[in-house]
Protein chains: 2
Amino acid sequence: MKKFKAHTSTCPIVHTMTYIGGKWKPIILGRLLNGAVRFGKLAVQIPDISRKILTEQLKELEEDGLIIRHSYNEKPPRVEYELSEIGQTVIPVLMAMTELGSKMHEAITKHKRRVTRAH
Amino acid sequence: MKKFKAHTSTCPIVHTMTYIGGKWKPIILGRLLNGAVRFGKLAVQIPDISRKILTEQLKELEEDGLIIRHSYNEKPPRVEYELSEIGQTVIPVLMAMTELGSKMHEAITKHKRRVTRAH
DNA sequence: TTCATTGGTTACATGAACGTTACCACTTTT
DNA sequence: AAAAGTGGTAACGTTCATGTAACCAATGAA
């Protein structure tokens, strides 16, 4: 998905999509709602994401200032990610998406059955 | 971006991303908040989307039951799209995204200036 | 008669996003 | 001595979503 250039648009939804529009970003952010989480734990909780993509997405989120990376100098290493102050502002969107998800999925499944029967 | 298979997941956010996760879908839906809009008007209001992609995305949204397509048998043709009942349930997410967009964009722009100065 | 209008479709091309596999450094545990 | 645990990186491949350009039918207007 070619990314938007946030600065060329005035539409607030475009801005939002620019920063959290990726396939995985809302899901990652959703895992950080209850506080800092280690890299490895994220990888387990989001089984379909590869470590490489997870690393990339986390780096982008950090560059945009949505999350903070804490690296503890231990062996084996420990790295935790948590929502920054800016990241906290995304919470209402994540909540709305969570609220919507299950209800909508059910409704759409029903809708599709109706359409299929009418073939 | 490879799409999620909604039925293989139990995460509500994944469901939401499945149905409105495309680059353009939230923006299109945002244009329908105030009632039915003609195809051509959508194309003008979202200048960076091509007619082909607009057609495709509208078709997907219709198949998922989020919008309703009204085709009037006139020459030249007139086609209008509006939010369905299911589509209305997305409004809170769109509102949250709108609310977030401008605030977050400003905050992130500031953040990036800080980071750049610290080089 | 030629142009504009409208809502598309078709064929083709592209690249960003995503994925897979292998590898690394360093320590503790077995 | 070998394996496990951790958080990555590098080199490669793939594919889907997106984009461009040209075209269409039917009517009314110039």
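Predicted model, so just to flag it, every value in this text is computed and none were measured. To find a chain, count down the sequence lines: A is the first, B the second, and so on, and within it residues start at 1.
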#### Entry: Neighbour count >12 (heavy atoms, 6.0 Å) for atom CD, A:Glu60
yes
### Query
B:Lys75 side chain N/O closer than 4.0 Å to the phosphate oxygens (OP1, OP2) of D:dA29?
no
### Summary
Whole-Å distance, A:Lys59 NZ to D:dG7 P, equals 15 Å
### Message
Heavy-atom count check: over 12 atoms from other residues, nucleotides or ligands less than 6.0 Å from B:Glu85 CD?
### Response
no
### Task
Write down the distance between NZ (B:Lys41) and C1' (C:dT5), rounded to a whole number of angstrom.
17 Å
### Task
Rounded off to whole Å, could you give me the CD1-to-C1' distance for the A:Ile53 and C:dA16 pair?
11 Å
## Note on the structure
Here the distance between atom P of D:dG8 and atom NZ of A:Lys52, to the nearest Å, is 15 Å
### Closest to the B:Phe39 side chain, choosing from D:dG5, C:dG8, D:dT20
C:dG8
### Summary
Rounded to whole Å, the CD-P distance (B:Glu56 to D:dC16) equals 14 Å
### Query
Around B:Gln88, counting heavy atoms of other residues, nucleotides and ligands shown, do more than 12 lie under 6.0 Å from its CD?
yes
### Query
Quick check: does any side chain N or O of B:Ser102 sit under 3.5 Å from a backbone N or O of A:Pro12, one acting as donor and the other as acceptor?
no
### Task
Whole angstrom is fine here: how far is it from CD1 in A:Ile49 over to C1' in D:dG8?
14 Å
#### Entry: Residue pair A:Leu61 / A:Tyr19: nearest heavy atoms and the distance that separates them
CD2-O, 4.3 Å
### Message
Please pick, from C:dG7, C:dT9, C:dG19, the nucleotide with the shortest atom-to-atom distance to any side-chain atom of B:Thr55.
### Response
C:dT9
### Message
Measuring to OP1 and OP2 of C:dG7, would you say a side-chain N or O of B:Tyr81 lies under 4.0 angstrom away?
### Response
no
### Query
B:Gln57 near the nucleic acid: base, sugar-phosphate alone, or nothing, with a heavy-atom cut-off under 4.0 Å?
sugar-phosphate
### Query
In whole angstroms, how far is the C1' atom of C:dG19 from the CG atom of A:Leu54?
14 Å
### Query
For C:dT5, does OP1 or OP2 lie under 4.0 Å from any side-chain N or O of B:Arg38?
no
#### Entry: C:dG7 OP1/OP2 closer than 4.0 Å to side-chain N/O of B:Arg78
no
### Message
Please report the distance, rounded to the nearest Å, between CD in A:Glu74 and P in C:dT29.
### Response
14 Å
### Query
If you check the A:Pro77 side chain, which of C:dC18, D:dT6, C:dG7 turns out closest?
D:dT6
